[in-house]
K.L.:
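My questions all concern the structure below.
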Amino acid sequence: MLTLTDHDFQRLYTYIKKNYGIDLSKKKQLIVSRLSNSLSSQGYRDFSAYVDEITSGKDSEMVTAMLNKLTTNYTYFLREEEHFKYLWDVILPDLEKKHAKDKNLAIWSAGCSSGEEPYTISMYLKEYFGANASQWDTRILATDISQKILNTAIHATYGEEGMSSLPPAWRQKYFVKAGADTYTVSPAIKQNVIFRTFNLMDTISFKRKFDLIFCRNVMIYFDQATKDALVHRFYNATVPGGHLFIGHSEGLNKATCPYEYVKPAIYRKNSK
């Protein structure tokens, strides 16, 4: 493995924290173990020159490739199923009444990774609205910092293992066989998701506020101050009565969280 000096380690984690909110100040060994082989194959003899290039900020794809290696998070369809049960039982009936006239929902999958989350949400929307689905604009905004991972999401081809939690009928209805053990998402579901690159450290200034924000298993990499600031930005981007879903392995600061706690990993903005 390559050598990462304390000085270069500090330069690297400080740059990542400042620009992307990810706290790797206690992850020196993880950095070394996950990056050493690829750096060696690229001809680096130590981390110093690599850190120079990263912190120069000249190659954004180089940075996102590094972040992908350091924050890889296994995901799959219908992850944390309790969220989707609450979506079906409580949130969608409420939104159906609230938007009965305009028939326009605003949903954001923030930190969407390879696309399983927004595609799962889209399937639920199609199932819920059924024959009336075409009358509703339910397009989901799905964002991630990495264009590379978004390209995977846009390509929308997945193995059977990641689909195993979905009902068999949904697998037949919403997927097309692409290979021996791979499937691609059907056009109807693909077209209901809009993918965009976005850094969650940036100002949130989308045209509309959201009825529902999913940001699950993303904030595990943030320190408390960064997490608090992001949650407040989410709050300002949420309509009154709207919801925020986070990962079950995450928690929000009760003293500073502007949302009302609903149940584990589900929060609601006051409707007033």
Side-chain angles (χ1 to χ4, degrees), residues 1-76 79 108-118 141-159 162 195-204 214-230 233 246-247 249-250:
M1 288 190 180
L2 299 184
T3 299
L4 175 60
T5 66
D6 289 343
H7 174 65
D8 286 331
F9 173 52
Q10 183 176 15
R11 287 201 299 144
L12 185 60
Y13 77 66
T14 300
Y15 176 82
I16 294 171
K17 172 70 165 52
K18 178 182 178 181
N19 292 280
Y20 303 98
I22 299 169
D23 184 6
L24 298 173
S25 60
K26 298 180 181 179
K27 303 292 185 180
K28 183 176 181 179
Q29 189 53 46
L30 178 142
I31 292 171
V32 173
S33 63
R34 292 198 178 181
L35 296 182
S36 283
N37 287 343
S38 63
L39 295 192
S40 294
S41 67
Q42 294 171 51
Y44 291 97
R45 295 184 178 180
D46 57 35
F47 272 86
S48 184
Y50 176 75
V51 173
D52 287 343
E53 291 186 57
I54 288 290
T55 56
S56 74
K58 294 178 180 179
D59 189 340
S60 60
E61 277 305 305
M62 183 179 183
V63 175
T64 53
M66 173 193 66
L67 295 177
N68 286 340
K69 288 182 180 294
L70 297 179
T71 61
T72 298
N73 189 35
Y74 177 64
T75 187
Y76 50 90
R79 184 178 186 181
W108 180 16
S109 172
C112 67
S113 188
S114 46
E116 288 89 342
E117 178 179 271
L141 174 66
T143 68
D144 201 277
I145 196 171
S146 169
Q147 184 60 53
K148 183 177 180 180
I149 200 70
L150 288 179
N151 289 340
T152 299
I154 292 167
H155 189 251
T157 300
Y158 304 95
F195 290 102
R196 296 285 185 272
T197 54
F198 185 75
N199 184 344
L200 289 174
M201 296 302 99
D202 291 344
T203 301
I204 298 172
F214 279 74
C215 186
R216 305 186 304 165
N217 306 296
V218 175
M219 292 186 283
I220 53 174
Y221 300 107
F222 300 163
D223 65 15
Q224 193 61 53
T226 302
K227 189 189 303 184
D228 288 348
L230 176 58
R233 291 198 297 279
I246 65 172
S249 62
E250 301 168 311

K.L.:
So, His7 and Thr5: side-chain donor and acceptor under 3.5 Å apart, yes or no?
P.N.:
no
K.L.:
Tell me, do Asp23 and Thr226 make a side-chain contact under 4.5 Å, heavy atoms counted?
P.N.:
no
K.L.:
Just wondering, are more than 12 heavy atoms of other shown residues or ligands nearer than 6.0 Å to CG in Asp223?
P.N.:
yes
K.L.:
Go through the steps to decide whether Val32 and Phe9 satisfy the test side chain to side chain contact (heavy atoms under 4.5 Å, CB included), and finish with yes or no.
P.N.:
CA-CA 10 Å; Val32 173; Phe9 173 52; over 6 Å; no
K.L.:
Mark yes or no for whether Ser56, through its side chain, and Glu53, through its backbone, hold a donor-acceptor pair below 3.5 Å.
P.N.:
yes
K.L.:
Side chains of Ile31 and Leu70: closer than 4.5 Å at any heavy-atom pair?
P.N.:
yes
K.L.:
Would you say that Ser48 contacts Thr3 through its side chain, given a criterion of any heavy-atom pair below 4.5 Å between the two side chains?
P.N.:
no
K.L.:
Please find the pair of heavy atoms, one from Phe195 and one from Leu150, that lie closest to each other, and give the distance.
P.N.:
CD2-CD2, 3.9 Å
K.L.:
In Å, rounded to the nearest 0.5 Å, how long is the span from CG of Leu12 to CG of Leu24?
P.N.:
7.5 Å
K.L.:
Run Arg216 and Glu117 through salt bridge (charged side-chain N to carboxylate O under 4.0 Å, His left out) and show every step you take.
P.N.:
CA-CA 9 Å; Arg216 305 186 304 165; Glu117 178 179 271; 2.7 Å; yes
K.L.:
Within this structure, what is the CG-CG distance for the pair Leu230 and Asp202, rounded to the nearest 0.5 Å?
P.N.:
11.0 Å
K.L.:
Between CZ of Arg11 and CZ of Phe47, what distance do you get to the nearest 0.5 Å?
P.N.:
12.0 Å
K.L.:
Is it the case that atom NZ in Lys28 sees more than 12 heavy atoms from other parts of the structure closer than 6.0 Å?
P.N.:
yes
K.L.:
Report yes if the side chains of Leu35 and Met66 come closer than 4.5 Å at any heavy-atom pair, otherwise no.
P.N.:
yes
K.L.:
Give, for atom CZ of Arg34 and atom NZ of Lys69, the distance between the pair rounded to the nearest 0.5 Å.
P.N.:
10.0 Å
K.L.:
So which atom in Tyr158 and which in Ser114 form the shortest heavy-atom distance, rounded to 0.1 Å?
P.N.:
OH-O, 2.6 Å
K.L.:
Work out which heavy atom in Asn199 is nearest to a heavy atom in Tyr20; give both atom names and the distance.
P.N.:
ND2-CD2, 3.4 Å
K.L.:
Tell me if a side-chain donor or acceptor on Asp8 pairs with a main-chain N or O of Leu4 at a distance below 3.5 Å.
P.N.:
no
K.L.:
Would you mind reporting whether Lys17 and Met201 have side-chain heavy atoms less than 4.5 Å apart?
P.N.:
no
K.L.:
Distance check, rounded to the nearest 0.5 Å: Cys215 atom SG versus Glu250 atom CD?
P.N.:
6.5 Å
K.L.:
When you compare the side chain of Leu141 with that of Arg196, does any pair of heavy atoms fall below 4.5 Å?
P.N.:
yes
K.L.:
Rounded to the nearest 0.5 Å, what separation is found between the CZ atom of Arg233 and the CG atom of Leu200?
P.N.:
7.5 Å
K.L.:
Judged by modelled atom types alone, do Asp6 and Gln10 share a side-chain donor-acceptor pair under 3.5 Å?
P.N.:
no
K.L.:
Are the side chains of Leu2 and Tyr50 in touch, meaning some heavy atoms are under 4.5 Å apart?
P.N.:
no
K.L.:
Would you call Asn217 and Ser113 a side-chain contact if the rule is heavy atoms closer than 4.5 Å?
P.N.:
no
K.L.:
When you look at Ser146 and Leu67, which way does the side chain to side chain contact (heavy atoms under 4.5 Å, CB included) test go after all the steps?
P.N.:
CA-CA 8 Å; Ser146 169; Leu67 295 177; over 6 Å; no
